[in-house]
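Have a look at the structure below before the remarks.
This is a predicted model, so every value here is computed, not measured.
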Amino acid sequence: MSLLSSILVGIVALEHVYILILEMFLWTTPRAMRTFGTSKELAEASKSLAANQGLYNGFLAAGLVWGLFYPDTVIGRQIQLFFVICVVVAALYGALTANKSILLKQGLPAILALISLWIL
């Protein structure tokens with residue numbers, strides 16, 4: 001596996017750790033409300049749902065990190081492929097149902113990682 005693939009997968013993992021932090025711990029802060037386009041009222045009302053969503057983003061990050069550090073590189077690459085594909089699917093769904101910018105913000109890094117895992 002190439003260094004570029006590892007860096008791109010690592011970036012996707014870090015992005016999902018950041019999303020976890022925003023959704024689980026900072027959901028009602030101005031930063032998170034600005035990021036997700038929510039009002040104070042909506043943020044307060046959806047706090048538990050956002051925390052649950054953040055947990056899922058954490059699982060994605062954990063799977064990507066697991067794949068990066070798995071001792072058998074062939075299996076590690078397969079783990080990375082699975083979790084990167086999950087991120088791409090989530091980004092596509094989010095772009096179709098919530099906000100088109102998700103495809104750029106969340107999807108593009110994952111798509112680049114996916115391409116690098118396939119060709120390198």
Of all heavy-atom pairs between [X] and [Y], which one has the smallest distance, and what is that distance?
{"X": "Met24", "Y": "Ala51", "answer": "CG-O, 3.4 Å"}
{"X": "Gly58", "Y": "Leu20", "answer": "CA-CD1, 3.3 Å"}
{"X": "Val12", "Y": "Ala113", "answer": "CG2-CB, 4.2 Å"}

Distance in Å, [X] [atom1] paired with [Y] [atom2], rounded so as to fall on 0.5 Å steps:
{"X": "Asp72", "Y": "Gln78", "atom1": "CG", "atom2": "CD", "value": "8.0 Å"}
{"X": "Lys40", "Y": "Met33", "atom1": "NZ", "atom2": "CE", "value": "5.0 Å"}
{"X": "Lys105", "Y": "Ile19", "atom1": "NZ", "atom2": "CD1", "value": "10.0 Å"}
{"X": "Leu92", "Y": "Ile111", "atom1": "CG", "atom2": "CD1", "value": "6.0 Å"}
{"X": "Phe83", "Y": "Leu68", "atom1": "CZ", "atom2": "CG", "value": "11.5 Å"}
{"X": "Ser6", "Y": "Leu117", "atom1": "OG", "atom2": "CG", "value": "8.0 Å"}

For residues [X] and [Y]: do they belong to one hydrophobic cluster (side chain heavy atoms under 4.5 Å, members Ile, Leu, Val, Met, Phe, Trp, Tyr)?
{"X": "Val9", "Y": "Val17", "value": "no"}
{"X": "Val74", "Y": "Leu120", "value": "no"}
{"X": "Ile21", "Y": "Leu49", "value": "no"}
{"X": "Val89", "Y": "Leu112", "value": "yes"}
{"X": "Leu108", "Y": "Leu60", "value": "yes"}

Next item on the list: For Trp27 and Ser46, test the side chains for any donor-to-acceptor distance below 3.5 angstrom and give the result as yes or no.
Entry: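 Looking only at side-chain atoms, Ser46 and Trp27 do form a donor-acceptor pair, the distance falling under 3.5 Å.
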Check: Would a distance-only check, ignoring hydrogens and angles, find a side-chain to backbone donor-acceptor pair under 3.5 Å from Asn57 to Gln53?
Finding: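 Yes.
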Notebook entry, point to check: In chain order, what residues pass the side-chain hydrogen bond (donor to acceptor under 3.5 Å, both in side chains) check against Arg34, with sequence neighbours excluded?
Noted result: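 side-chain hydrogen bond (donor to acceptor under 3.5 Å, both in side chains) check on Arg34 returns nothing, list empty.
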Notebook entry, point to check: Which pairs with one or both residues in residues 108-120 pass side-chain hydrogen bond (donor to acceptor under 3.5 Å, both in side chains), sequence neighbours excluded?
Noted result: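 Listed by first then second residue: Ser5-Ser116.
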Notebook entry, point to check: If you count the non-hydrogen atoms of other residues, nucleotides and ligands that lie under 6.0 Å from CZ in Phe36, is the total more than 12?
Noted result: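 Yes.
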Note to self: Quick one, Phe59 and Leu55 - any side-chain contact, counting heavy atoms below 4.5 Å?
What the structure shows: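 Result yes, sub-4.5 Å side-chain heavy-atom pair found.
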Next item on the list: Mind running side chain to side chain contact (heavy atoms under 4.5 Å, CB included) on Leu81 and Arg77 for me, showing each step along the way?
Entry: CA-CA 6 Å; Leu81 279 167; Arg77 183 176 172 277; 3.6 Å; yes
Next item on the list: Show your working on side chain to side chain contact (heavy atoms under 4.5 Å, CB included) between Tyr70 and Gln80 and close with a plain yes or no.
Entry: CA-CA 10 Å; Tyr70 198 84; Gln80 291 172 57; over 6 Å; no
